[in-house]
Amino acid sequence: MPELPEVEQVRISLLPHIVGKTIEKVRVDLPKMILHPDPDAFARRLQGARFTGVRRRGKYLGLELEGGDWLLVHLRMTGALLALPKDQQEPPYTRMAFFLSGRENLYFTDIRTFGVAALVGEDGWRDKGYESLGPEPLEPALTAEYLRARAKGKTTVVKGFILDQSVIAGLGNIYADEALFAAGIRPTRRVNRLTRKEWEALTLGVRAVIHQGLEHHGTTFRNYQDADGKMGDNSRYLQVYHRKGLPCRRCGTLLKQIKVAGRGSVYCPHCQK
DNA sequence: ACTTCTACCTGAGCGC
DNA sequence: TGCGCTCAGGTAGAAG
(Lines give C-alpha, C1' and ligand atoms only; values in the text may rest on other atoms or scores of the structure.)
Protein backbone atom coordinates (compact mmCIF):
# COMPACT_ATOMS: atom_id res chain seq x y z
CA MET A 1 0.00 0.00 0.00
CA PRO A 2 2.50 2.62 0.99
CA GLU A 3 4.40 4.51 -1.66
CA LEU A 4 7.39 6.80 -1.23
CA PRO A 5 5.69 9.60 0.77
CA GLU A 6 3.99 7.13 3.10
CA VAL A 7 7.21 5.19 3.68
CA GLU A 8 9.04 8.46 4.36
CA GLN A 9 6.39 9.36 6.91
CA VAL A 10 6.89 5.98 8.58
CA ARG A 11 10.63 6.66 8.67
CA ILE A 12 10.23 10.06 10.31
CA SER A 13 7.63 8.92 12.82
CA LEU A 14 9.68 5.84 13.70
CA LEU A 15 12.86 7.71 14.60
CA PRO A 16 11.99 8.94 18.12
CA HIS A 17 10.59 5.53 19.04
CA ILE A 18 13.53 3.32 18.16
CA VAL A 19 16.80 5.25 17.86
CA GLY A 20 18.97 4.41 20.86
CA LYS A 21 16.76 1.49 21.88
CA THR A 22 18.14 -2.00 22.21
CA ILE A 23 16.33 -5.05 20.85
CA GLU A 24 15.93 -7.36 23.82
CA LYS A 25 14.05 -10.04 21.93
CA VAL A 26 12.47 -10.68 18.55
CA ARG A 27 9.40 -12.83 17.96
CA VAL A 28 8.70 -13.94 14.40
CA ASP A 29 5.10 -15.07 13.89
CA LEU A 30 5.26 -15.35 10.11
CA PRO A 31 8.56 -16.96 9.09
CA LYS A 32 8.00 -16.51 5.36
CA MET A 33 8.35 -12.77 5.68
CA ILE A 34 12.03 -13.09 6.63
CA LEU A 35 14.04 -13.11 3.42
CA HIS A 36 17.41 -13.54 5.11
CA PRO A 37 18.87 -15.22 7.11
CA ASP A 38 16.63 -18.06 8.29
CA PRO A 39 14.12 -16.86 10.91
CA ASP A 40 15.99 -18.34 13.87
CA ALA A 41 19.30 -16.77 12.92
CA PHE A 42 17.46 -13.56 12.14
CA ALA A 43 16.00 -13.35 15.64
CA ARG A 44 19.25 -14.44 17.28
CA ARG A 45 21.44 -11.96 15.43
CA LEU A 46 19.09 -9.08 16.22
CA GLN A 47 18.98 -9.82 19.91
CA GLY A 48 21.06 -7.25 21.78
CA ALA A 49 21.44 -4.95 18.78
CA ARG A 50 20.78 -1.25 19.11
CA PHE A 51 19.01 0.97 16.59
CA THR A 52 21.05 3.97 15.46
CA GLY A 53 18.90 5.42 12.70
CA VAL A 54 16.34 4.85 9.97
CA ARG A 55 16.86 5.56 6.30
CA ARG A 56 14.66 5.16 3.24
CA ARG A 57 15.32 4.30 -0.38
CA GLY A 58 12.31 4.10 -2.69
CA LYS A 59 9.69 2.18 -0.74
CA TYR A 60 12.31 0.36 1.36
CA LEU A 61 13.21 1.24 4.90
CA GLY A 62 16.61 0.59 6.42
CA LEU A 63 16.59 0.31 10.19
CA GLU A 64 20.22 0.89 11.03
CA LEU A 65 21.96 -0.98 13.81
CA GLU A 66 25.10 -0.30 15.76
CA GLY A 67 28.03 -2.01 14.08
CA GLY A 68 26.81 -1.50 10.52
CA ASP A 69 24.17 -4.18 10.10
CA TRP A 70 20.73 -3.00 9.09
CA LEU A 71 17.23 -4.29 8.88
CA LEU A 72 15.72 -4.04 5.40
CA VAL A 73 11.94 -3.65 5.49
CA HIS A 74 9.38 -3.48 2.70
CA LEU A 75 5.76 -2.94 3.73
CA ARG A 76 4.31 -3.97 0.34
CA MET A 77 0.52 -3.57 0.34
CA THR A 78 -0.67 -3.56 3.94
CA GLY A 79 2.40 -3.65 6.15
CA ALA A 80 2.88 -1.20 9.02
CA LEU A 81 5.46 -0.56 11.72
CA LEU A 82 3.80 0.50 14.94
CA ALA A 83 5.43 1.59 18.18
CA LEU A 84 3.19 0.94 21.18
CA PRO A 85 3.60 1.03 24.97
CA LYS A 86 4.49 -2.36 26.41
CA ASP A 87 1.38 -2.42 28.58
CA GLN A 88 -0.85 -2.01 25.57
CA GLN A 89 -2.35 -4.96 23.74
CA GLU A 90 -0.50 -6.05 20.62
CA PRO A 91 -2.08 -4.66 17.46
CA PRO A 92 -4.12 -6.93 15.16
CA TYR A 93 -2.28 -8.78 12.39
CA THR A 94 1.06 -8.61 14.19
CA ARG A 95 3.52 -10.70 12.18
CA MET A 96 6.67 -9.82 14.07
CA ALA A 97 7.36 -8.18 17.42
CA PHE A 98 10.52 -6.39 18.56
CA PHE A 99 10.70 -6.16 22.32
CA LEU A 100 12.77 -3.06 23.01
CA SER A 101 14.50 -1.46 25.95
CA GLY A 102 12.43 1.38 27.35
CA ARG A 103 8.66 1.69 27.45
CA GLU A 104 7.67 0.63 23.97
CA ASN A 105 7.78 -2.31 21.63
CA LEU A 106 7.85 -2.25 17.84
CA TYR A 107 5.34 -4.31 15.85
CA PHE A 108 5.37 -5.25 12.19
CA THR A 109 1.69 -5.72 11.33
CA ASP A 110 0.42 -6.82 7.95
CA ILE A 111 -3.06 -7.91 6.88
CA ARG A 112 -2.15 -9.45 3.54
CA THR A 113 1.24 -10.80 4.63
CA PHE A 114 3.15 -9.57 1.58
CA GLY A 115 5.56 -7.49 3.65
CA VAL A 116 9.17 -8.62 4.03
CA ALA A 117 12.22 -8.03 6.19
CA ALA A 118 15.86 -9.05 6.00
CA LEU A 119 19.00 -8.59 8.04
CA VAL A 120 21.68 -7.11 5.84
CA GLY A 121 25.26 -7.24 7.00
CA GLU A 122 28.72 -8.59 6.40
CA ASP A 123 27.62 -11.90 4.94
CA GLY A 124 27.14 -10.22 1.58
CA TRP A 125 23.47 -11.05 1.08
CA ARG A 126 21.69 -8.63 -1.25
CA ASP A 127 18.08 -7.93 -2.06
CA LYS A 128 17.58 -7.81 -5.82
CA GLY A 129 14.76 -5.29 -5.78
CA TYR A 130 16.67 -2.98 -3.50
CA GLU A 131 19.85 -3.23 -5.52
CA SER A 132 18.17 -2.38 -8.81
CA LEU A 133 16.28 0.72 -7.66
CA GLY A 134 16.30 3.70 -9.99
CA PRO A 135 16.83 7.30 -8.89
CA GLU A 136 14.75 8.97 -6.21
CA PRO A 137 12.10 11.29 -7.66
CA LEU A 138 13.45 14.35 -5.86
CA GLU A 139 17.12 13.71 -6.63
CA PRO A 140 18.80 15.55 -9.52
CA ALA A 141 19.47 12.21 -11.24
CA LEU A 142 15.84 12.05 -12.26
CA THR A 143 15.69 14.09 -15.45
CA ALA A 144 13.64 13.99 -18.63
CA GLU A 145 16.74 12.92 -20.52
CA TYR A 146 17.30 10.04 -18.12
CA LEU A 147 13.73 8.81 -18.55
CA ARG A 148 13.89 9.13 -22.31
CA ALA A 149 17.10 7.13 -22.37
CA ARG A 150 15.63 4.43 -20.14
CA ALA A 151 12.59 4.18 -22.42
CA LYS A 152 14.73 3.73 -25.51
CA GLY A 153 13.87 0.54 -27.39
CA LYS A 154 10.76 -0.05 -25.28
CA THR A 155 7.14 -0.04 -26.33
CA THR A 156 5.46 -0.53 -22.97
CA VAL A 157 2.70 1.74 -21.65
CA VAL A 158 3.91 4.78 -19.74
CA LYS A 159 1.96 3.87 -16.62
CA GLY A 160 3.80 0.56 -16.34
CA PHE A 161 7.07 2.27 -17.13
CA ILE A 162 6.89 4.74 -14.26
CA LEU A 163 5.73 2.02 -11.88
CA ASP A 164 8.94 0.11 -12.61
CA GLN A 165 11.05 0.64 -9.49
CA SER A 166 14.27 0.28 -11.47
CA VAL A 167 13.23 3.31 -13.53
CA ILE A 168 12.07 5.55 -10.66
CA ALA A 169 12.21 4.49 -7.02
CA GLY A 170 9.07 4.98 -5.02
CA LEU A 171 6.13 5.59 -7.33
CA GLY A 172 3.09 3.39 -6.85
CA ASN A 173 -0.39 3.36 -8.27
CA ILE A 174 -1.62 6.57 -6.63
CA TYR A 175 1.30 8.80 -7.46
CA ALA A 176 1.71 7.29 -10.93
CA ASP A 177 -1.85 8.30 -11.82
CA GLU A 178 -1.38 11.70 -10.24
CA ALA A 179 1.90 12.31 -12.06
CA LEU A 180 0.35 11.38 -15.41
CA PHE A 181 -2.53 13.75 -14.80
CA ALA A 182 -0.13 16.53 -13.83
CA ALA A 183 1.77 15.88 -17.07
CA GLY A 184 -1.35 15.68 -19.24
CA ILE A 185 -0.44 12.20 -20.46
CA ARG A 186 -2.82 9.23 -20.68
CA PRO A 187 -1.67 6.13 -18.80
CA THR A 188 -2.05 4.04 -21.97
CA ARG A 189 0.45 6.02 -24.03
CA ARG A 190 3.42 3.99 -25.31
CA VAL A 191 6.78 5.25 -24.14
CA ASN A 192 8.21 5.23 -27.67
CA ARG A 193 5.56 7.79 -28.65
CA LEU A 194 6.25 10.41 -26.00
CA THR A 195 7.75 13.72 -27.08
CA ARG A 196 10.65 15.44 -25.33
CA LYS A 197 8.18 17.97 -24.04
CA GLU A 198 6.06 15.22 -22.54
CA TRP A 199 9.07 13.64 -20.85
CA GLU A 200 9.78 17.07 -19.35
CA ALA A 201 6.20 17.42 -18.16
CA LEU A 202 6.24 13.92 -16.71
CA THR A 203 9.46 14.58 -14.82
CA LEU A 204 8.01 17.74 -13.33
CA GLY A 205 4.73 15.94 -12.59
CA VAL A 206 6.47 13.12 -10.73
CA ARG A 207 8.44 15.58 -8.63
CA ALA A 208 5.39 17.71 -7.90
CA VAL A 209 3.10 14.90 -6.75
CA ILE A 210 5.77 13.25 -4.60
CA HIS A 211 6.64 16.60 -3.07
CA GLN A 212 2.97 17.24 -2.31
CA GLY A 213 2.53 13.76 -0.83
CA LEU A 214 5.49 14.33 1.48
CA GLU A 215 4.11 17.69 2.59
CA HIS A 216 0.84 16.09 3.60
CA HIS A 217 2.43 13.13 5.37
CA GLY A 218 1.22 10.64 2.79
CA THR A 219 -2.11 9.42 1.48
CA THR A 220 -4.42 7.25 3.53
CA PHE A 221 -7.33 5.31 2.05
CA ARG A 222 -7.60 2.28 4.18
CA ASN A 223 -4.65 0.64 5.85
CA TYR A 224 -1.79 3.05 5.79
CA GLN A 225 -0.63 4.55 9.06
CA ASP A 226 2.68 5.77 10.42
CA ALA A 227 4.53 4.51 13.50
CA ASP A 228 2.18 6.48 15.74
CA GLY A 229 -0.86 5.01 14.03
CA LYS A 230 -1.58 8.35 12.34
CA MET A 231 -2.99 8.72 8.84
CA GLY A 232 -1.77 11.02 6.07
CA ASP A 233 -4.08 13.68 4.68
CA ASN A 234 -2.91 13.81 1.07
CA SER A 235 -6.08 12.10 -0.20
CA ARG A 236 -7.82 15.48 0.00
CA TYR A 237 -5.47 16.84 -2.61
CA LEU A 238 -5.58 14.04 -5.15
CA GLN A 239 -6.70 15.02 -8.66
CA VAL A 240 -7.62 11.64 -10.11
CA TYR A 241 -6.84 8.65 -7.92
CA HIS A 242 -10.00 7.19 -6.38
CA ARG A 243 -12.09 9.78 -8.23
CA LYS A 244 -13.56 7.58 -10.96
CA GLY A 245 -16.78 9.12 -12.31
CA LEU A 246 -16.23 12.43 -10.51
CA PRO A 247 -15.65 15.67 -12.41
CA CYS A 248 -12.07 16.62 -13.25
CA ARG A 249 -10.98 19.40 -10.93
CA ARG A 250 -9.45 21.23 -13.87
CA CYS A 251 -12.07 20.93 -16.63
CA GLY A 252 -15.15 19.25 -15.19
CA THR A 253 -15.08 16.25 -17.53
CA LEU A 254 -16.01 13.00 -15.77
CA LEU A 255 -12.92 10.97 -14.91
CA LYS A 256 -12.56 7.50 -16.38
CA GLN A 257 -11.14 4.36 -14.87
CA ILE A 258 -9.52 1.65 -16.93
CA LYS A 259 -7.07 -1.16 -16.30
CA VAL A 260 -3.52 -0.40 -17.44
CA ALA A 261 -0.49 -2.57 -16.74
CA GLY A 262 -2.72 -4.64 -14.49
CA ARG A 263 -3.64 -1.70 -12.28
CA GLY A 264 -6.77 0.39 -11.93
CA SER A 265 -5.96 3.73 -13.55
CA VAL A 266 -8.01 6.92 -13.39
CA TYR A 267 -7.52 9.72 -15.87
CA CYS A 268 -9.23 12.72 -17.42
CA PRO A 269 -10.14 12.06 -21.07
CA HIS A 270 -10.01 15.79 -21.78
CA CYS A 271 -6.88 16.93 -19.93
CA GLN A 272 -4.76 13.88 -20.70
CA LYS A 273 -3.74 13.16 -24.28
C1' DA B 1 15.54 -8.77 -23.83
C1' DC B 2 11.01 -7.17 -23.56
C1' DT B 3 6.00 -7.32 -22.20
C1' DT B 4 2.17 -9.22 -19.96
C1' DC B 5 0.08 -12.38 -16.81
C1' DT B 6 -0.29 -14.80 -12.43
C1' DA B 7 0.47 -15.67 -7.84
C1' DC B 8 1.00 -14.39 -3.19
C1' DC B 9 -2.99 -13.10 1.00
C1' DT B 10 -6.95 -10.97 3.60
C1' DG B 11 -10.71 -7.89 3.84
C1' DA B 12 -14.06 -4.45 2.05
C1' DG B 13 -17.65 -3.36 -0.88
C1' DC B 14 -20.84 -4.40 -4.35
C1' DG B 15 -24.92 -6.74 -6.69
C1' DC B 16 -28.15 -10.24 -6.17
C1' DT C 1 -28.07 -11.54 6.18
C1' DG C 2 -25.32 -13.98 3.26
C1' DC C 3 -23.20 -15.56 -0.92
C1' DG C 4 -20.15 -14.85 -4.74
C1' DC C 5 -17.57 -11.84 -7.15
C1' DT C 6 -14.19 -7.98 -7.85
C1' DC C 7 -10.96 -5.01 -6.24
C1' DA C 8 -7.11 -3.10 -3.18
C1' DG C 9 -1.61 1.68 -2.27
C1' DG C 10 3.39 -4.16 -4.56
C1' DT C 11 6.44 -7.01 -6.79
C1' DA C 12 8.77 -11.57 -8.18
C1' DG C 13 8.68 -14.97 -11.31
C1' DA C 14 6.56 -17.42 -15.13
C1' DA C 15 4.77 -17.35 -19.57
C1' DG C 16 4.35 -15.54 -24.02
Side-chain angles (χ1 to χ4, degrees), chain A residues 1-10 29-36 56-61 72-81 91-96 108-118 126-134 137 150-180 187-193 209-210 212-214 216-226 231-245 257-266:
Chain A
M1 94 211 156
E3 306 179 33
L4 188 156
E6 292 75 46
V7 177
E8 177 63 12
Q9 181 57 30
V10 172
D29 299 327
L30 186 70
K32 70 153 189 168
M33 77 185 299
I34 312 297
L35 300 179
H36 180 84
R56 180 197 57 74
R57 177 84 172 87
K59 300 172 196 170
Y60 290 86
L61 284 169
L72 177 76
V73 169
H74 197 302
L75 303 172
R76 294 285 175 94
M77 296 286 263
T78 53
L81 289 170
Y93 307 102
T94 294
R95 310 300 186 190
M96 188 162 31
F108 193 145
T109 69
D110 193 355
I111 297 171
R112 291 175 71 181
T113 74
F114 294 163
V116 292
R126 305 274 154 153
D127 180 82
K128 263 195 222 153
Y130 182 82
E131 295 296 322
S132 62
L133 287 174
R150 285 297 304 265
K152 198 153 185 131
K154 298 192 179 176
T155 58
T156 190
V157 288
V158 66
K159 167 95 182 245
F161 180 73
I162 62 172
L163 281 173
D164 182 341
Q165 300 299 296
S166 76
V167 173
I168 307 172
L171 283 197
N173 206 31
I174 296 178
Y175 295 97
D177 275 7
E178 294 297 314
L180 289 166
T188 45
R189 289 281 301 283
R190 301 270 154 183
V191 291
N192 53 328
R193 294 275 188 267
V209 299
I210 290 294
Q212 182 197 260
L214 288 167
H216 300 130
H217 313 293
T219 305
T220 300
F221 274 108
R222 31 177 74 103
N223 304 303
Y224 163 73
Q225 45 190 353
D226 69 13
M231 320 275 202
D233 58 357
N234 192 238
S235 49
R236 294 209 312 249
Y237 304 89
L238 298 182
Q239 302 294 308
V240 287
Y241 184 82
H242 221 260
R243 297 195 68 241
K244 167 178 70 163
Q257 173 151 359
I258 54 175
K259 191 151 261 194
V260 183
R263 320 296 304 277
S265 306
V266 187

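All chains are named by letter (A, B, ...) in the order of the sequence lines, taking the proteins before the strands, and each is independently numbered beginning at 1. Computation of the quantities below employed the complete heavy-atom set of this structure, encompassing side-chain atoms and omitting hydrogens, waters and symmetry-equivalent molecules.
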Could you pull out the protein-nucleic contacts involving nucleotides 10-16 of chain B (nitrogen or oxygen on both sides, under 3.5 Å)?
from	atom 1	to	atom 2	distance (Å)
B:dG11	OP1	A:Tyr93	OH	2.6

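On the C1' atoms, C:dA12 is 23 Å away from B:dG11, given to the nearest whole Å. Rounded to whole Å, the P atom of B:dG13 lies 15 Å from the corresponding atom of C:dG9. A gap of 13 Å separates the P atoms of B:dT6 and C:dT6, to the nearest Å. For the P atoms, the distance from B:dA1 to C:dT11 is 22 Å, rounded to whole Å.
Distances shown here put every side-chain N or O of A:Tyr175 at or beyond 4.0 Å from the OP1 or OP2 atom of C:dG9. An OP1 or OP2 oxygen of C:dT11 is reached within less than 4.0 angstrom by a side-chain nitrogen or oxygen of A:Gln165. Close to C:dT11, at under 4.0 Å from its OP1 or OP2, lies a side-chain N or O of A:His74. Side-chain nitrogen and oxygen atoms of A:Arg263 include at least one within less than 4.0 Å of the OP1 or OP2 phosphate oxygen of C:dG10. Put simply, A:Gln257 has a side-chain N or O that comes within less than 4.0 Å of OP1 or OP2 on C:dA8. Within the structure, a side-chain polar atom (N or O) of A:Lys128 is placed less than 4.0 Å from OP1 or OP2 of C:dG13. The phosphate of B:dA1 (OP1 or OP2) has no side-chain N or O of A:Lys154 nearer than 4.0 angstrom.
Between A:Gly262 and A:Lys152, the one whose closest nucleotide on DNA chain B sits nearer the 5' end is A:Lys152. Residues A:Tyr130 and A:Thr220 both approach DNA chain C. Their nearest nucleotides, taken by heavy-atom distance, put A:Thr220 toward the 5′ side.
Around the NZ atom of A:Lys32, the shell of radius 6.0 Å holds more than 12 heavy atoms that belong to other residues, nucleotides or ligands.
Remark: A:Leu238 CG to A:Asp177 CG distance equals 9.5 Å, nearest 0.5 Å.
Under the 4.5 Å side-chain criterion, counting only non-hydrogen atoms from C-beta, A:Leu180 is in contact with A:Ile162. Put simply, the side chain of A:Leu214 reaches to within 4.5 Å of the side chain of A:Leu4, judged on heavy atoms. Counting only heavy atoms from C-beta outward, the side chains of A:Thr220 and A:Gln225 never approach each other to under 4.5 Å. No side-chain heavy atom of A:His217 sits under 4.5 Å from any side-chain heavy atom of A:Asp226.
Contacts of A:Glu178 with the nucleic acid, taken as non-hydrogen atoms under 4.0 Å apart, are absent. Nucleic acid contact for A:Thr155: sugar-phosphate only, since backbone atoms but no base atoms lie under 4.0 Å from a heavy atom of the residue. In this structure, A:Gly115 reaches neither bases nor backbone, as no heavy-atom distance under 4.0 Å exists between it and the strands shown. Within the nucleic acid shown, A:Lys32 comes within 4.0 Å of sugar-phosphate atoms alone, with no base atom in reach, counting heavy atoms only.
When only modelled atom types and interatomic distance are considered, A:Tyr237 and A:Glu178 share no side-chain donor-acceptor pair under 3.5 Å.
In this structure, A:Phe114 forms no aromatic stack with the base of B:dC9, since the conditions of centre separation below 5.5 Å and plane angle below 30° are not both met.
Of the candidates A:Phe114, A:Tyr60, A:Tyr130, A:His74 forms a side chain to side chain contact (heavy atoms under 4.5 Å, CB included) with just one, namely A:Tyr60.
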How is the base pairing of DNA chain B summarised as a dot-bracket string, given the Watson-Crick and G-U wobble criteria with both distances under 3.5 Å, [ ] for crossing and | for another strand? .|||||||.|||||||

